[in-house]
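Below is one structure, written out as C-alpha cells, with a few remarks after it.
Quick caveat, the model's predicted, so the values are computed rather than measured.
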Amino acid sequence: MKRDFQLPDIIRSIGEDMKTIWISDVLNGKFDGQNIELKGWVKRSRGSNKIRFLVLRDSTGAIQCVGKKDTLGDDAFEQLKSALIESSIIINGMVNPDERADGGYELVIQSVEIIGPVNPKNPFPITESAMAAADGGETEFLLDNRHLYLRTSRMTTMLKIRSSVFGAIHSYFRNQDFIEYQAPNFVAGAVEGGSTLFEVPYFPTEKNPERKAYLTQSWQLYAEAAMPALERLYTIAPSFRAEKSRTRRHLTEFWHAEMEVAWANNQEIMSYGEGVVRKIATTLLEERSAELESLDRDLETIARYADSKFPRIRYDEAVETLQGMGVEIEWGQDLDYSKEKVLTQDFDVPHFLTHYPKIAKPFYHRVDPDDENYVLCHDLLAPEGYGEIIGGGERTWSEEEILARIDEEGTPREPYQFYIDTRTYGGVPHGGFGLGVDRVCSWLTGADHIREVIPFPRDSRRITP
RNA sequence: GCCGAUUUAGCUUAGCUGGUGGAGCGUGGGACUGUUAAUCCCAAGGUCAUGGGUUCGAGCCCCAUAAUCGGCGCCA
C-alpha cells in the first residue's frame, strides 16, 4: 500500500532555522576553504586587543575560531570579546586548515551573533579549577551544578557512551526476536523478600485510608506473567531501591535491563548474559573508541571483554578459593562486596558465580533438583573491582514448589497471587536476569563512581538538581 | 542502620604555638599581532557552615546542630 506523507507546515518552517553543519564534520575536512555558519557555545576565549581566539563547541566537537580587529572592525571585535564562556553564538567564517590550531582546523571569523549572552556579573560557574579539583571524578560543587556540568567534555563523553550501551542492549535482544515489554512502575508489593521499597501515597479509600503504592524494584514478576504470552521478552527501565547505600556502585534510581525466557535453563540464561555484555563491549569499540580513549580507557582491555568467554564457577569453589586465600567466610553466607573484590582481583574477564546456597536467596530462585541445598542462579562479577553487574537464574516454576518456597520463607501469599497464577495455568521452566546498566557503564568507562555515568544521579542524600 | 572525614571569596585552596585572613582561576579595567587552561600589571570580591562555650583575644581549642563527602551492610 502506497502511503503519502507530508510534513505539516509548522514542521517544514522550522527547517529553515535548523542547524546544518556540525563541528566534527568541519574537523573531518568536509568544508575546507568554504564559508560556513557554525552554531554553538563558547568553550574558551583568549587573545589580545588585535586578535581573538574563541573555541566554539557543539555536541560533536570543538574548533578554534579566529577574529582579527582590523578585518572585523571595532564593534564586531568588541562583541566577540564580550562572548563569555558558555554564551551561545552563531559564527560565520571560512574554514582554514592550520597546524597552529588544536585539532588542525580553525574558522576565520567574518561575523558573530550572540544568541544567548552570559552576564559578566554571573559568569558560568564551572571553572578550570573546579574541573581540576574533581580530577576526572566529581565534587560536591559539580554535583550541585550537575545541570551545567553536563556540558563539559567529560560528561558529554559519558552520555554518548551511555547511549551506545542502551542501543547495544536493545539491538542484542531485538536481533534475537525478543519482545520489548513494559511493566508498571507503581506496584503493590516487594520483589525482594522484605527489602527496602519507596512508598508513595496512592489515592486513599474509605476502606483503606492508608493506601500506598510502591516504586518497583524490578520488572521481573510482571515479566513472568507475560512469559507464557511472549516467551522471549526484555526491557530497559528504571528500578528503585530505598537502600541507604553510600557506595560507588549504588543509586536509589538505576536503569535495569531485564530479560525473561520461557523453556530456558540456568546455563542458557547465562549465555544470554554473556552475549549481551560482550555485545555492549563490541558496540563501544565500534561506536565510541575515541570517547573511551579520551577517558584513558585501554581499548585492548575492552576488546578482551568483547572477545572472551566468561568462566562459570560454582559458589562452593569460590568459597574454597576465598578460604584458601585466608578470607573468613562460612558456607551459606552470601558473598558481599568485600569478598567479591578479593575474588575478582585476579580476574581479567567477567566470571559467573552459580549455585548459591538456597538459604542465601529469595523464593523465586529454583531449587537445584540434583541437590536441594542449592538454587539454580547466577551472578556475573565484573573485573577491576567493579563487582556484580548481573543477577539471575531459573525461576521456581511449578505451583507446588512456589507455594512451598513462599510458605517456607514466611512470605504472605496474597500479594503474589498473580505470580502464583502464572504457575497454576500452564507453568513452564523459565528464567531470566537483571543487568545494572549504570554499573556496566561505570565498569566499561573505568569511572570512579556510578554517579559519573548518569546525568542526574539519585542517592539516599541527593535528589537535586 | 553503622564507621570515618570535610565545611575559609562564585570556584580551587594556604593559613605557623590562639595575637588584625594570603594566593590561583573566574569577573572588571589596562598592556600585548597567532594564542593553546595565553601571558603581564591593577582592582573589586570574606559574618572563616550555624549556634553556644573557653580565653584579655578564636579561622585555629571544646560542645551541639546542619549540609556534604568517603566507606560498610543490602543489592544491579
Side-chain angles (χ1 to χ4, degrees), chain A residues 43-55 62 64-71 82 84-86 96 98-103 106 108 118-135 137-145 148 191-196 217-220 236-258 273 333-341 360-362 379-382 386-392 433-443 448-451 459-462 464:
Chain A
K43 187 181 167 74
R44 210 172 304 290
S45 180
R46 54 181 173 260
S48 67
N49 66 350
K50 297 233 167 55
I51 186 165
R52 193 91 202 149
F53 300 94
L54 184 149
V55 180
Q64 173 166 292
C65 306
V66 197
K68 290 180 182 172
K69 196 179 195 173
D70 53 10
T71 55
S82 74
L84 297 188
I85 288 175
E86 287 306 314
N96 180 37
D98 192 315
E99 280 181 6
R100 290 172 296 184
D102 191 17
E106 63 183 20
V108 181
V118 170
N119 187 336
K121 286 180 181 160
N122 192 19
F124 191 69
I126 297 175
T127 59
E128 287 294 336
S129 60
M131 296 284 287
D135 191 27
E138 318 203 288
T139 59
E140 183 186 339
F141 175 76
L142 292 179
L143 288 167
D144 287 340
N145 289 280
L148 301 175
V191 171
E192 311 290 342
S195 74
T196 37
Q217 295 183 309
S218 168
W219 163 94
Q220 181 196 324
I236 308 177
S239 282
F240 305 88
R241 306 236 169 128
E243 291 148 356
K244 289 187 178 173
S245 308
R246 300 196 48 74
T247 78
R248 63 188 62 194
R249 307 176 306 285
H250 287 88
L251 296 165
T252 52
E253 175 182 351
F254 67 97
W255 286 81
H256 211 173
E258 297 183 84
Q333 259 185 296
D334 208 351
L335 298 181
D336 60 42
Y337 179 64
S338 62
K339 317 280 190 315
E340 279 181 11
K341 202 172 171 182
K361 294 285 178 182
D379 284 355
L380 181 64
L381 306 183
Y386 284 89
E388 185 174 348
I389 52 173
I390 280 181
F433 65 75
L435 174 147
V437 182
D438 317 278
R439 282 190 179 176
V440 169
C441 292
S442 184
W443 163 51
D448 291 332
H449 200 294
I450 195 167
R451 273 196 311 242
D459 65 32
S460 61
R461 295 189 197 177
R462 180 181 286 278
T464 55

**OP:** Just call it for I390(A): base, sugar-phosphate, or nothing, with non-hydrogen atoms closer than 4.0 Å on any strand.
**Re:** sugar-phosphate
Original post:
Is R439(A) side chain donor-acceptor paired with the C75(B) base, going by distance under 3.5 Å alone?
Top reply: yes
Original post:
Taking the six-membered ring for Trp, does F254(A) stack with A76(B) (centroid gap under 5.5 Å, planes within less than 30°)?
Top reply: yes
**OP:** Check every strand shown and say whether N49(A) touches a base, only sugar-phosphate, or nothing at a heavy-atom separation below 4.0 Å.
**Re:** base
Original post:
What nucleic acid atoms does F141(A) come within less than 4.0 Å of, heavy atoms only: base, sugar-phosphate, or nothing?
Top reply: sugar-phosphate
Original post:
Within 45° of the axis and under 6.0 Å from the centre of the six-membered ring of Y337(A), does NZ or CZ of R249(A) qualify?
Top reply: yes
Original post:
Quick one: is G73(B) close enough that its OP1 or OP2 comes under 4.0 Å of any side-chain N or O from H250(A)?
Top reply: no
Original post:
Which part of the nucleic acid, if any, lies within contact of E258(A), taking any heavy atom under 4.0 Å across all strands shown: a base, the sugar-phosphate backbone alone, or nothing?
Top reply: nothing
Subject >> Of the listed nucleotides C32(B), G70(B), A76(B), the one nearest the side chain of R246(A) >> reply: G70(B)
Original post:
With respect to the phosphate group of U35(B), does any side-chain polar atom (N or O) of R44(A) fall under 4.0 Å of OP1 or OP2?
Top reply: no
**OP:** Sticking with atom P, work out how far C42(B) lies from C25(B), rounded to a whole angstrom.
**Re:** 12 Å
Original post:
Which one, G1(B), U33(B), U27(B), comes nearest to the side chain of P120(A)?
Top reply: U27(B)
Original post:
Could you state the CG-C1' distance from D334(A) to C75(B), rounded to the nearest angstrom?
Top reply: 9 Å
Subject >> Distance in angstrom units between R461(A) CZ and A67(B) C1', rounded >> reply: 10 Å
Subject >> side-chain N/O R46(A) vs G26(B) OP1/OP2, d < 4.0 Å >> reply: no
Subject >> Mate of A5(B) where both pairing distances stay under 3.5 Å, Watson-Crick or G-U >> reply: U68(B)
Subject >> R248(A) vs G71(B): side-chain N/O to OP1/OP2 distance below 4.0 Å >> reply: yes
Subject >> Counter-base of G57(B), judged by Watson-Crick or G-U geometry with both distances under 3.5 Å >> reply: none
**OP:** Would you indicate which nucleotide in C72(B), C69(B), U33(B) comes nearest to any side-chain atom of R451(A)?
**Re:** C69(B)
**OP:** Write down the distance separating the C1' atoms in C32(B) and U47(B), rounded off to the nearest Å.
**Re:** 41 Å
Original post:
Does D459(A) or G434(A) map to a spot on RNA chain B nearer the 5' end, using the closest nucleotide for each?
Top reply: D459(A)
Original post:
Which part of the nucleic acid, if any, lies within contact of A257(A), taking any heavy atom under 4.0 Å across all strands shown: a base, the sugar-phosphate backbone alone, or nothing?
Top reply: nothing
Original post:
Hey, does S239(A) reach any base, or is it just sugar-phosphate, or nothing, if we go heavy atoms under 4.0 Å?
Top reply: nothing
